[in-house]
Number of protein chains: 2
Amino acid sequence: MTTASTSAPRWLTDEEQRVWRAYLHATTLLEDHFDRQLQRDAGMPHIYYGLLVQLSQAPRRRMRMTELARNAKITRSRLSHAIARLEKNGWVRREDCSSDKRGQNAVLTDDGLTMLRRSAPGHVEAVRQAMFDRLTPEQVSSLGEIMRTLATGLEPEGTDADLPWLR
Amino acid sequence: MTTASTSAPRWLTDEEQRVWRAYLHATTLLEDHFDRQLQRDAGMPHIYYGLLVQLSQAPRRRMRMTELARNAKITRSRLSHAIARLEKNGWVRREDCSSDKRGQNAVLTDDGLTMLRRSAPGHVEAVRQAMFDRLTPEQVSSLGEIMRTLATGLEPEGTDADLPWLR
DNA sequence: GACCTTTTCTTGAAAGTTTAACTAGATAGA
DNA sequence: TCTATCTAGTTAAACTTTCAAGAAAAGGTC
């Protein structure tokens, strides 16, 4: 067991505090920025757009709900609501899974694919402008390594971690 | 003017796609992680906690609404709702601004400060575990530089940028 | 002063998310 | 088989955020 609850807290150094705050500022601004860009140009928040992208790259443009939730790093409940909304837009439809009667597949429709094709260039451009055009190749590489490390830290293999899509 | 809407899109390279996805994965997981940690230990989402931290560090534990929104990188509307909720909890109260009758100050109460002191060690520990313990000093430094660059890119000085707290 | 514009902040409704509870089907053990 | 447990997904209610609109004060111009 740890003694974290009783021992003196290891406060952040000034440098760490600056980095932490910069992280929060940048991620908050970026999320706001992309949510607005996609709400304006594609009529949905960024996380919904990501779901369509996932589906477009999946075999036969379909994916099991839990698998999609795992890829998007969100809860199944959140995904249920999201797919319901996208279904109303006609961009996704649900389909029973043949091998498991509890299961559902989310399927990207032709309309959904069309919408994605139309909005992709603008979104890529936005991502470039906000991120890749501002960083050196070394920074891009470093950012990738850092983000992979942090993500892995929160979803360690073979443990009982509290992962969104298992809740 | 640009020709972005008509010229061929500059698609992301494989490397850029991997970095972009890693960024989305890590930030989504981290936000979920800290929101849950603070909801459990302090009874509020992470962004609300950040507001109390800001107030605790401000002179006389108070700050103008727009100033607080700017620091937190959120809209004034969002802040209004958040402060209303924190007021209900007794952790913040509102106060008229003497020099500008339109203005309001958000003031951290004694109860709010107590709550903050009680939950700070656990939160710092969570931040360490999820971020600083997993990165080398070089990575921490690099992350700070990258995040500062990205944040600055979205709030350029002296322009008519679409910043949340001005909407 | 009168008028117009801008700034500050709030509000109500709509949209999205979380939490806990629930249904139905799969799985494993006696 | 029968039963307990687990997994897949949904749902209702509470909460948070966004969007659009608006009230009130400040600032600028004539």
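Residue numbers start from 1 in every chain, and the chains themselves are labelled A, B, ... in the order their sequence lines are given, proteins ahead of strands.
Regarding B:D35, its CG atom lies at a distance of 16 Å from the P atom of D:dC15, rounded to whole Å. Rounding to whole angstrom units, NZ of residue B:K101 and P of D:dA25 are separated by 8 Å. One atom, CG of B:D162, and another, P of D:dT18, lie 12 Å apart when rounded to the nearest Å. The nearest whole Å value for the distance from the CD atom in B:E31 to the P atom in D:dT16 is 14 Å. Going from atom CD of A:Q104 over to atom C1' of D:dT10 covers 9 Å, rounded to whole Å. For the pair B:W165 CH2 and D:dT17 C1', the computed distance is 17 Å after rounding to whole Å. The interatomic distance linking A:D96 (CG) with D:dT10 (C1') rounds to 13 Å, in whole Å.
Take A:D110 and apply the side-chain hydrogen bond (donor to acceptor under 3.5 Å, both in side chains) test, not counting sequence neighbours, and it matches A:R61. In this view, B:Y48 satisfies the ring pair (Phe, Tyr, Trp, His ring centres under 6.0 Å) rule with no residue, not counting sequence neighbours.
More than 12 heavy atoms of other residues, nucleotides or ligands sit less than 6.0 Å from atom CZ of A:R40.
If you check every strand for non-hydrogen atoms under 4.0 Å, B:D100 touches sugar and phosphate atoms only. Within the nucleic acid shown, B:R40 has no heavy atom closer than 4.0 Å to any nucleic acid atom.
Remark on DNA chain C: of its neighbouring residues B:Q39 and A:G43, the 5'-side contact belongs to A:G43, judged by nearest-heavy-atom nucleotide. Looking at which nucleotide of DNA chain D each of B:P45 and A:N105 is closest to, the 5′-most match is held by A:N105.
Boundaries of the chain B contact region on DNA chain C are C:dT7 to C:dT19, first to last in 5' to 3' order (nucleotide atom under 4.0 Å from a heavy atom).
The stretch residues 55-87 of chain B touches DNA chain C through B:R64, B:M65, B:T66, B:R76, B:S77, B:S80, B:H81, each having a heavy atom within less than 4.0 Å of the strand.
Applying the side-chain hydrogen bond (donor to acceptor under 3.5 Å, both in side chains) test to every pair with at least one member in residues 111-120 of chain A, sequence neighbours left out, gives no pairs at all. Among pairs with a residue in residues 114-137 of chain A, those fulfilling ring pair (Phe, Tyr, Trp, His ring centres under 6.0 Å) read A:F34-A:H123, A:H46-A:H123, A:Y49-A:H123, at least two apart in sequence or across chains.
Here B:E95 pairs with B:R62 in a salt bridge; the nearest charged N to carboxylate O distance falls below 4.0 Å. Ion pairing of B:D162 with B:R167 is present here, as a side-chain N (NZ or NE/NH1/NH2) and a carboxylate O approach within less than 4.0 Å. B:R128 has no carboxylate O lying under 4.0 Å from a charged side-chain N of B:E125, or vice versa, which leaves the two without a salt bridge. Contact check on A:R10 versus B:D133 returns a salt bridge, with a Lys/Arg side-chain nitrogen under 4.0 Å from an Asp/Glu carboxylate oxygen.
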